[in-house]
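FYI, the numbering just counts along the sequence from 1. Just the heavy atoms: all of them, side chains too, but no hydrogens, waters or symmetry mates, feed the values below. From a predicted model like this one, the values you see are computed outputs, not experimental measurements.
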Amino acid sequence: MPILIKAKGLVDVEHETILPNAFVLVEGDKISAVGSQNDLGSGEALGEVIDLSGKYVLPGLINSHAHLCMPADGTPWTALAAETNEILLLWAARNARKALMSGVTTVRDCGDRDGLVFQLRRAIEKGLAEGPRIILSGSFITMTGGHAYQEGREVDGVEEIVKAVRQSFKEGADFIKVMATGGGTPGTYPEFASFSVAELSAAVETAHRIGKTVAAHCRGIPGICNAIEAGIDHIEHACFELPEFVLQFDPAIADRIAAAGIYVTPTIQLYRDMVNNLTEKREKAPLSKAEEKKLNDMSRCVEEKLRSLQGMLDAGVVCVAGDDAGLPLTPFDRFWQELDAMAAGGMTAMQAMVAATQTAATAMGRLDEIGSIAVGKQADIIAVESDPCRDISALANPSFIMRAGRIYRL
């Protein structure tokens, strides 16, 4: 039976406006009509009516950077290596449901262990678990001893990286994730490049040959520059990091990113989470000297991440929303905070929502399926109690959630 949804307003991310007194007609898993309720005849004749009077509907959100296999429960990164794949898969199932019930209807998973998220995706598709649509990269591709080497494929040289890319696609990856710099893994170097331009170029050429894309984890400036030269499609983090954890936005590099048409996921909220955690801890008891230093470092990092976002926007860089959910302090049920962070960095609330819907879908090559409430697209629809353009925190607790025509909350 068709479902007719009536709402006070519809967030039209295609035109960046609010359509008042709106309706959406859903047939099966797709949207068949969108418009003003003034143009409706007898609503009952169209099928089941869901009256969301007073509420605003918008496309289901897309988290463009997450790690479903990671617990997001405070477990340190270094402790994950000791966990079994079975435990990681259970974490992933729990996280997927949390994400969906927070209004995230699509997750771009940027790296797992041993392809576990492939199994979760199959379970969701078979109805064995509840979760968002999953676009995934499978296992990380990293250099020997590089960031996330415990969970990823360690490769060195052009031949090995080409083979790793091909293996990932053989397993069913939608895109490739390479670690172009070090990261949070102890003993790696975020401020320096991990792969050469030749190695990254080989990954890009291999993926592009079959119409696939490559995303690069890039914290440090040398890694960002290598990624640009190699033709990477998507840069994750883009911290503009220098030695000694100094973040320093470089407008010339931002211009190069924009000119190359590379999408960027800034991942700001994960740093805000660290600041908030230490601030709350300090309110209960004095911090150690090491913790005070970390708090100061992270606070500076947040300021620079916000400044970098504004600088990239000014340069014309296209940014999408992703919060690195799965890391110790970044949960799967507060994705809206990444949009709040992007608004703090220079976006309007509407622009932040576009970054988490239409632009994200475009970056994934899925705009014909998801990313907006439009005829022919998947019926991924959420509703919130007030206008999120006026207060983006309205996204914190969706009162209605539908993915592909199935209602999960009403």
Side-chain angles (χ1 to χ4, degrees), residues 1-63 96-107 124-125 127 129-133 333 335-336 339 349-350 353-354 356-358 360-361 366 368-410:
M1 178 181 293
I3 298 173
L4 177 65
I5 301 170
K6 297 180 178 181
K8 180 177 181 179
L10 183 151
V11 180
D12 181 353
V13 295
E14 292 183 359
H15 302 97
E16 297 192 18
T17 188
I18 299 287
L19 175 65
N21 195 34
F23 81 86
V24 183
L25 185 63
V26 175
E27 296 188 58
D29 62 350
K30 290 188 171 66
I31 296 166
S32 61
V34 181
S36 169
Q37 292 180 41
N38 298 331
D39 299 328
L40 284 174
S42 173
E44 287 70 19
L46 295 173
E48 177 188 356
V49 177
I50 296 178
D51 189 354
L52 301 177
S53 297
K55 299 182 182 181
Y56 290 76
V57 295
L58 64 151
L61 302 177
I62 301 171
N63 189 340
R97 190 174 192 282
K98 280 187 174 183
L100 177 62
M101 299 310 290
S102 72
V104 174
T105 54
T106 300
V107 164
I124 291 172
E125 290 171 351
E130 292 183 342
R133 181 179 298 98
D333 54 2
F335 178 56
W336 73 271
L339 278 63
M350 175 63 83
M353 286 187 285
V354 172
T357 52
Q358 178 165 278
R366 303 295 180 104
D368 59 335
E369 306 169 48
I370 58 176
S372 63
I373 297 178
V375 173
K377 293 194 176 185
Q378 289 284 297
D380 293 355
I381 303 167
I382 66 174
V384 295
E385 298 297 317
S386 59
D387 183 353
C389 289
R390 293 181 178 274
D391 182 0
I392 205 162
S393 68
L395 300 175
N397 188 28
S399 55
F400 174 83
I401 297 170
M402 171 184 280
R403 184 178 82 80
R406 177 181 171 184
I407 297 171
Y408 289 87
R409 176 179 293 164
L410 176 58

Inset, instruction - Identify the residue among Arg406, Lys98, Arg409 that makes a salt bridge (charged side-chain N to carboxylate O under 4.0 Å, His left out) with Glu130. - result: Arg406

Legend entry - Contact check, side chains of Lys55 and Ser399, non-hydrogen atoms, under 4.5 Å: yes

Legend entry - Interatomic distance, Tyr56 atom OH to Arg390 atom CZ [nearest 0.5 angstrom]: 7.0 Å

Legend entry - Qualifying residue, where the test is side chain to side chain contact (heavy atoms under 4.5 Å, CB included) with Val57 and the options are Val384, Ile50, Ile373: Ile373

Inset, instruction - Please report the closest heavy-atom contact between Val11 and Pro388, naming both atoms and the distance. - result: CG2-CG, 4.0 Å

Legend entry - Nearest-0.5 Å distance, CD1 of residue Ile5 to CD of residue Glu48: 9.5 Å

Legend entry - Beyond-backbone contact of Glu16 with Val354, side-chain heavy atoms, under 4.5 angstrom: yes

Inset, instruction - Kindly indicate whether the side chain of Arg403, heavy atoms from C-beta on, has any atom under 4.5 Å from the side chain of Tyr408. - result: yes

Inset, instruction - Please report the shortest heavy-atom distance between Ala356 and Ala360, naming the atom on each side. - result: C-CB, 4.3 Å

Side-chain polar contacts of residues 17-30 - donor-acceptor pairs under 3.5 angstrom, sequence neighbours left out - could you list them?
unit_1 : atom_1 : unit_2 : atom_2 : d
Asn21  : OD1    : Gln37  : NE2    : 3.4
Asn21  : ND2    : Asn38  : OD1    : 3.1
Glu27  : OE2    : Ser32  : OG     : 3.0
Asp29  : OD2    : Gln378 : NE2    : 3.3

Legend entry - Pairwise side-chain contact, Phe400 with Ile407, heavy-atom cut-off 4.5 Å (strictly under): yes

Inset, instruction - Please examine the side chains of Leu61 and Thr106, heavy atoms only from C-beta on, and report whether any two atoms are closer than 4.5 Å. - result: no

Inset, instruction - Kindly give the heavy-atom pair with the smallest separation between Gly60 and Thr357, and that separation in Å. - result: O-CG2, 3.9 Å

Legend entry - Distance in Å, Glu369 CD paired with Asp380 CG, rounded so as to fall on 0.5 Å steps: 10.0 Å

Inset, instruction - Start with the C-alpha gap between Leu58 and Leu395, add the side-chain angles, then the distance that decides, and say whether side chain to side chain contact (heavy atoms under 4.5 Å, CB included) holds. - result: CA-CA 10 Å; Leu58 64 151; Leu395 300 175; 3.8 Å; yes

Legend entry - Note, Val107 side chain near Ile62 side chain (heavy atom, < 4.5 Å): no

Inset, instruction - Ignoring hydrogens and angles, state whether a donor on the side chain of Lys6 or Ser53 is under 3.5 Å from an acceptor on the partner side chain. - result: no

Legend entry - Any Met402 side-chain heavy atom under 4.5 Å of Thr105 side chain: no

Legend entry - Closest approach of Ala349 to Cys389 (non-hydrogen atoms, all atoms of both residues): CB-O, 3.7 Å

Inset, instruction - Kindly indicate whether the side chain of Ser372, heavy atoms from C-beta on, has any atom under 4.5 Å from the side chain of Lys377. - result: yes

Inset, instruction - List the atom of Pro398, the atom of Ser102, and the distance in Å for their closest heavy-atom pair. - result: CG-O, 3.4 Å

Inset, instruction - Please round to the nearest 0.5 Å and tell me the distance separating atom CD1 of Ile392 and atom CE of Met353. - result: 5.5 Å

Inset, instruction - To the nearest 0.5 Å, tell me how far Arg133 CZ sits from Glu125 CD. - result: 10.0 Å

